[in-house]
Amino acid sequence: MSGRYYAGVDLGGTKILVLVADAEGVTLGSQRVPTLATEGPEAVIGRIAGALKAAAADAGVALDQIATGGVSAPGPIDVGAGEITEPPNLPGWHDVPLARLLRERTGVPFTLENDANCACVGEHRLGAGRGFRHLLYVTISTGIGGGIIVDDRLYAGASGAAGEVGHIGVARKGPSCGAGHVGCLEAFASGTAIAARARELIGEGGLPRTARLAEHNPPLSAETVFMASQQGEAEAYGIIREAGHYLGMGLASIVNAFNPQAIVLSGGLTNMGDALLGPALETARARSFAQSYADVRIVEGELGERAAALGAIVVARSRQAEADAAPHATGAFPGSR
Ligand SMILES: [Zn+2]
């Protein structure tokens with residue numbers, strides 16, 4: 001346990017990002033490889049181990065100088081057991097003890113946490129959320145996920161499943177989310193939702209420009225709709241604006257229920273800027289308690305695609321510190337306790 005360096009792994013459905021960082025959270029080496037999840041856990045774990053070796057070499061660090069590592073993985077996860085249970089984004093994976101298998105392959109002790117929580121912790125300790133004790137993290141991409149920081153600590157809930165802000169109800173009828181519930185925020189304001197709504201309107205003969213763009217560059221995605229809206233297609237802009245208003249309903253629910261100091265927004269859809277976030281903030285303000293809205297800073301994430309891997313390191317380090325019951329034994333990120 002004499003290592004002064006840390007490893008962060010962001011295991012995603014399509015790609016894996018491995019970072020080696022120092023005690024201040026500065027990235028010294030990194031490596032990106034495709035996940036190819038259908039090849040099964042064995043092959044993927046081999047790729048993570050290979051990427052870790054490459055990232056460490058890149059950083060000029062030997063593997064035995066790495067004190068601990070964290071893995072950010074798609075949920076659901078059994079955090080205590082270090083197991084990925086049945087992630088929809090990793091088809092064919094069931095109850096994979098990823099933390100133990102990675103330790104066996106690399107010699108580095110690893111812990112596991114779900115991706116949205118990792119990114120939340122990353123932004124809180126090292127990114128746009130620094131200095132806020134009560135914070136919500138919301139990521140808007142193909143789905144909508146999130147994390148909750150209360151009193152500077154990740155709030156996990158009864159079984160580690162807290163933070164699923166994409167499943168705040170915003171309608172009683174309408175489309176379903178990835179989990180099959182009708183009316184979830186995710187079913188109205190995610191990238192998947194925007195693309196689905198566009199397909200629906202194209203089926204009715206609408207959105208000619210979006211349809212043409214999708215034909216040239218398939219598949220039709222939220223980005224296609226955004227591109228068409230930027231090229232002047234009013235109907236496409238209307239879809240994004242509508243999604244923004246639903247996002248605002250979700251944000252207002254968060255503001256009213258948690259009275260946070262900050263909400264950090266992240267994920268690919270924030271690239272739409274005012275087209276999405278303008279109506280979102282307008283609705284959030286209209287539906288929030290005035291004092292709570294005045295209290296909250298709504299900011300964009302700073303760490304981009306490194307948020308989850310860096311957050312996984314923060315999580316791993318705080319668990320190691322708790323296990324050692326000697327917090328002084330490890331260095332600390334600025335702002336960590
Ligand atoms: Zn849902």
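Asp22 places a side-chain N or O within donor-acceptor distance of the main-chain N or O of Val26, the cut-off being under 3.5 Å. With Glu113 contributing its side chain and Ser72 its backbone, the two residues share no donor-acceptor pair below 3.5 Å. Remark: side-chain polar atoms of Ser190 are not paired, donor with acceptor, to backbone N or O of Ile144 under 3.5 angstrom. At distances below 3.5 Å, at least one donor-acceptor pair connects side-chain atoms of Glu186 with backbone N or O atoms of Gly178. Put simply, the side chain of Thr270 gets close to the backbone of Gly267: a donor and an acceptor are under 3.5 Å apart.
Note that the NE2 atom of His181 and the CD1 atom of Ile168 stand 13.5 Å from one another [nearest 0.5 Å]. Interatomic distance, OG of Ser292 versus CZ of Arg285, reported as 13.0 Å (0.5 Å rounding). From Ser318, atom OG reaches atom CZ of Arg153 across 7.0 Å, with rounding to the nearest 0.5 Å. Distance check: Ser30 OG to Arg306 CZ gives 8.5 Å after rounding to the nearest 0.5 Å. Distance check, rounded to the nearest 0.5 Å: CZ of Arg125 to CG of Leu310 gives 13.0 Å. Once rounded to the nearest 0.5 Å, the distance linking CG of Leu98 with CD1 of Ile48 reads 5.5 Å.
A donor-acceptor pair shorter than 3.5 Å can be found between the side chains of Thr224 and Ser221.
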Residues Glu282, Arg241; criterion salt bridge (charged side-chain N to carboxylate O under 4.0 Å, His left out); working and verdict: CA-CA 11 Å; Glu282 186 189 314; Arg241 193 176 54 223; over 6 Å; no
Derivation of the side chain to side chain contact (heavy atoms under 4.5 Å, CB included) call for Phe226 and Ile239: CA-CA 9 Å; Phe226 180 56; Ile239 292 177; over 6 Å; no
Steps toward salt bridge (charged side-chain N to carboxylate O under 4.0 Å, His left out) verdict (Arg47, Glu39): CA-CA 11 Å; Arg47 266 192 290 282; Glu39 290 182 9; 3.1 Å; yes
Full working for side chain to side chain contact (heavy atoms under 4.5 Å, CB included) between Leu213 and Gln231: CA-CA 11 Å; Leu213 287 173; Gln231 293 173 11; 4.0 Å; yes
Test salt bridge (charged side-chain N to carboxylate O under 4.0 Å, His left out) applied to Arg100 and Glu83, step by step: CA-CA 9 Å; Arg100 177 172 62 76; Glu83 276 188 14; over 6 Å; no
Evaluation steps, side chain to side chain contact (heavy atoms under 4.5 Å, CB included), between Val9 and Phe110: CA-CA 10 Å; Val9 177; Phe110 273 96; 3.9 Å; yes
Intermediate values then yes/no, salt bridge (charged side-chain N to carboxylate O under 4.0 Å, His left out), Arg197 and Glu200: CA-CA 5 Å; Arg197 181 68 184 135; Glu200 204 178 334; 3.3 Å; yes
Step-by-step side chain to side chain contact (heavy atoms under 4.5 Å, CB included) determination, Val314 to Leu126: CA-CA 9 Å; Val314 178; Leu126 300 166; 4.1 Å; yes
Residue pair Ser266, Glu300: steps toward the side chain to side chain donor-acceptor pair (under 3.5 Å) verdict: CA-CA 6 Å; Ser266 175; Glu300 288 190 42; over 6 Å; no
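Connection of Leu135 to Leu154 is established within a shared hydrophobic cluster, with ILVMFWY side chains joined at heavy-atom distances below 4.5 Å, either directly or through further cluster members. In terms of hydrophobic clustering, with Ile, Leu, Val, Met, Phe, Trp and Tyr side chains grouped at heavy-atom distances under 4.5 Å, Val138 and Ile240 are assigned to a common cluster. One hydrophobic cluster, built from ILVMFWY side chains closer than 4.5 Å, holds both Val299 and Ile149. The hydrophobic cluster containing Ile66 also contains Ile16, counting ILVMFWY residues as joined when their side-chain heavy atoms lie under 4.5 angstrom apart, directly or transitively. Each of Leu276 and Tyr137 belongs to its own hydrophobic cluster when Ile, Leu, Val, Met, Phe, Trp and Tyr are linked at side-chain heavy-atom distances under 4.5 angstrom.
Counting heavy atoms from C-beta on, the side chains of Thr68 and Tyr6 come closer than 4.5 Å. Side-chain contact between Val71 and Thr111 is absent, with no heavy atoms from C-beta onward closer than 4.5 Å. No side-chain heavy atom of Glu233 sits less than 4.5 Å from a side-chain heavy atom of Arg212. Contact check for Thr35 versus Val44: side-chain heavy atoms found under the 4.5 Å cut-off. For the pair Val315/Ile313, no side-chain contact is recorded, criterion being any heavy-atom separation below 4.5 Å from C-beta on. Side-chain contact between Thr210 and Leu201 is absent, with no heavy-atom pair separated by less than 4.5 Å. When side chains are defined from C-beta on, Leu112 counts as touching Ile84, because their heavy atoms get closer than 4.5 Å. Considering only heavy atoms from C-beta on, Leu185 stays 4.5 Å or farther from Val165 through its side chain.
Atom CD of Glu302 has more than 12 heavy atoms from other residues, nucleotides or ligands within 6.0 Å. Around OH of Tyr237, the count of heavy atoms belonging to other residues, nucleotides or ligands within 6.0 Å exceeds 12. When the shell of 6.0 Å around CD of Glu204 is examined, it contains more than 12 heavy atoms from other residues, nucleotides or ligands.
For Gly69 against Ala316, the heavy-atom pair with the smallest separation is O-CB, 3.3 Å. When all heavy atoms of Leu90 and Ala37 are compared, the pair lying nearest together is CD2-CB, 3.7 Å. Across Arg105 and Ile45, no two heavy atoms sit closer than the pair CG-CG2, 3.9 Å. Residues Asn117 and Gly146 come closest through the heavy atom pair OD1-O, 3.8 Å. Residue Val33 comes nearest to Ala51 through the heavy atom pair CG2-CB, 4.1 Å, listed as atom of the first residue, atom of the second, then distance. The two residues Ala187 and Ala193 have their closest heavy-atom pair at O-CB, 3.2 Å.
No salt bridge links Glu123 with Arg130; every basic N to acidic carboxylate O contact stays at or beyond 4.0 Å. Salt-bridge formation is not detected for the pair Glu322/Arg317: no Lys NZ or Arg NE/NH1/NH2 atom is positioned less than 4.0 Å from an Asp or Glu carboxylate oxygen.
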Per-pair distances, 0.1 Å, donor-acceptor, side chain in residues 249-261, under 3.5 Å, sequence neighbours excluded:
residue, atom, partner, partner atom, Å
Ser253, OG, Met249, O, 3.1
Asn256, OD1, Phe289, N, 2.8
Asn256, ND2, Ala252, O, 3.1
Asn256, ND2, Arg287, O, 3.0
Asn259, ND2, Asp295, OD2, 3.3
Gln261, OE1, Arg133, N, 2.6
Gln261, OE1, His134, N, 3.0

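The side chain to side chain contact (heavy atoms under 4.5 Å, CB included) with Val20 is formed by just one residue from the set Asp58, Leu52, Thr27, Leu63; it is Leu52.
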